[in-house]
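Here is the structure we will look at, set down as structure tokens.
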Amino acid sequence: MESKNIIFALRTKKGLSQDELAEKVYVTRQAVSRWENGETTPNTETLKLLSKLFDVSINTLLGSPRQMICHCCGMSLDDATTSKEIDGTFNEEYCKWCYHEGEFSLDFWKRYQELGGEDGFDRFKAQLLDEFNALQIPGLPKIEKLYVLSGSFINLEYMLPNGVKIKFLDNQATYLGNQLPCEFGGSRCFGIAAGMDFLLVCTYEAEGANPELVLYRKR
């Protein structure tokens with residue numbers, strides 16, 4: 001749907017006339033009319049006001065020209081899953097589980113100061129990528145990106161050679177990791193995870209079924 005139709009639909013759904021909408025976002029009725037005729041689009045500041053008024057993202061107002069993903073965990077975003085700031089405005093860079101009302105909810109992000117700020121965090125991730133790729137595990141593709149993942153989501157249980165089942169992660173913590181297809185094909189894929197002091201590589205089937213530990217190494 002085009003932006004002009006979206007603004008019209010949102011305005012009429014809210015029961016507002018063009019004059020009433022114009023008053024709420026500090027523009028003229030003629031400006032609203034031009035938006036709805038497709039002659040112009042709102043400027044950035046007006047889009048922010050419309051986003052808050054209609055409780056939809058700016059991306060939605062513009063007709064969803066880009067696919068949004070959380071810069072933290074990598075999940076796809078829509079209006080229902082996008083995070084918000086304290087004032088209720090959308091933050092279209094993160095999902096509501098990773099970032100909520102001005103605060104990151106995952107502990108890796110809260111450790112920016114410890115890691116030397118955002119630049120330091122990026123350097124840490126780059127170092128982990130180098131360490132994972134240096135392992136040269138057969139079938140594991142080159143790893144290009146790491147996401148912040150919840151321990152409760154990736155904490156699989158592995159059967160050790162002695163028959164003991166064990167989990168290596170903490171459900172309440174978060175880790176840097178990714179999922180990658182096996183270069184040899186088949187139904188299994190690789191999962192990788194890292195903390196401050198370890199690297200973990202495993203394989204599993206769909207939905208984490210039948211996991212097998214490939215490597216757990218202290219850094």
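Not measured: the values here are computed from a predicted model. The first residue in the sequence is number 1, and the count goes up from there.
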Non-hydrogen atoms of [X] and [Y] that approach each other most closely:
X	Y	value
Leu128	Gly195	CD2-O, 4.4 Å
Ile6	Gly63	CD1-CA, 3.5 Å
Cys98	Cys70	SG-SG, 3.9 Å
Ser76	Thr81	O-OG1, 3.8 Å
Asn171	Gly151	OD1-O, 3.7 Å
Cys202	Leu156	SG-CD1, 4.4 Å

For Asn91, the option from Glu85, Glu101, His100 that meets side-chain hydrogen bond (donor to acceptor under 3.5 Å, both in side chains): Glu85
Distance, nearest 0.5 Å, that separates [atom1] of [X] from [atom2] of [Y]:
X	Y	atom1	atom2	answer
Asn43	Thr46	CG	OG1	3.5 Å
Ser51	Asp79	OG	CG	8.0 Å
Phe54	Lys13	CZ	NZ	10.5 Å
Thr28	Gln18	OG1	CD	10.0 Å
Ser57	Leu50	OG	CG	12.0 Å
Ile137	Glu183	CD1	CD	11.5 Å

In one Ile/Leu/Val/Met/Phe/Trp/Tyr side-chain cluster, 4.5 Å: [X], [Y]:
X	Y	value
Leu146	Ile69	no
Leu47	Phe90	no
Phe124	Leu129	yes
Val32	Leu53	yes
Leu160	Leu169	yes

Please determine which of Val27, Ile7, Leu61, Val25 meets the side chain to side chain contact (heavy atoms under 4.5 Å, CB included) test together with Pro42. Ile7
Could you walk me through whether Thr89 and Asp87 pass side chain to side chain donor-acceptor pair (under 3.5 Å), step by step? CA-CA 6 Å; Thr89 58; Asp87 63 1; 2.7 Å; yes
So [Y] and [X], do their side chains get closer than 4.5 Å, heavy atoms only?
X	Y	result
Leu176	Lys125	yes
Leu200	Tyr158	yes
Val201	Phe190	yes
Tyr204	Asn210	no
Pro65	Asn59	yes
Arg29	Leu21	no
Asp170	Asn155	no
Cys182	Arg188	no

Any ion pair linking [Y] and [X] (charged N to carboxylate O, less than 4.0 Å)?
X	Y	result
Arg11	Glu36	yes
Arg66	Glu92	yes
Asp55	Lys84	yes

Per the salt bridge (Lys or Arg N to Asp or Glu O under 4.0 Å) rule, what does the pair list look like for residues 152-166, sequence neighbours excluded? none
Got a donor-acceptor contact below 3.5 angstrom from the [X] side chain to the [Y] backbone?
X	Y	answer
Ser83	Tyr94	yes
Lys24	Asp19	no
Asn133	Ile143	yes
Glu20	Ser17	yes

Given the rule in the side chain to side chain contact (heavy atoms under 4.5 Å, CB included) test, do Thr41 and Trp35 qualify, once you have shown the distances and angles that lead to the verdict? CA-CA 5 Å; Thr41 56; Trp35 301 339; 5.6 Å; no
Could you check whether atom CZ of Phe168 has more than 12 heavy atoms from other residues, nucleotides or ligands sitting under 6.0 Å from it? yes
Return yes when atom CD of Glu205 has more than 12 non-hydrogen atoms of other residues, nucleotides or ligands closer than 6.0 Å, and no otherwise. yes
Give the C-alpha distance, both sets of side-chain angles, the deciding distance and a yes or no for side chain to side chain contact (heavy atoms under 4.5 Å, CB included) between Phe153 and Tyr175. CA-CA 10 Å; Phe153 181 66; Tyr175 304 92; over 6 Å; no
Side-chain donor-acceptor distances from residues 212-219 under 3.5 Å, at least two apart:
from   : atom 1 : to     : atom 2 : distance (Å)
Arg219 : NE     : Glu131 : OE1    : 2.8
Arg219 : NH1    : Met196 : O      : 2.6
Arg219 : NH2    : Glu131 : OE2    : 2.8

Walk me through whether Phe121 and Val148 qualify under side chain to side chain contact (heavy atoms under 4.5 Å, CB included). CA-CA 11 Å; Phe121 189 60; Val148 180; 4.3 Å; yes
When you look at Leu140 and Phe184, which way does the side chain to side chain contact (heavy atoms under 4.5 Å, CB included) test go after all the steps? CA-CA 9 Å; Leu140 178 62; Phe184 301 146; over 6 Å; no
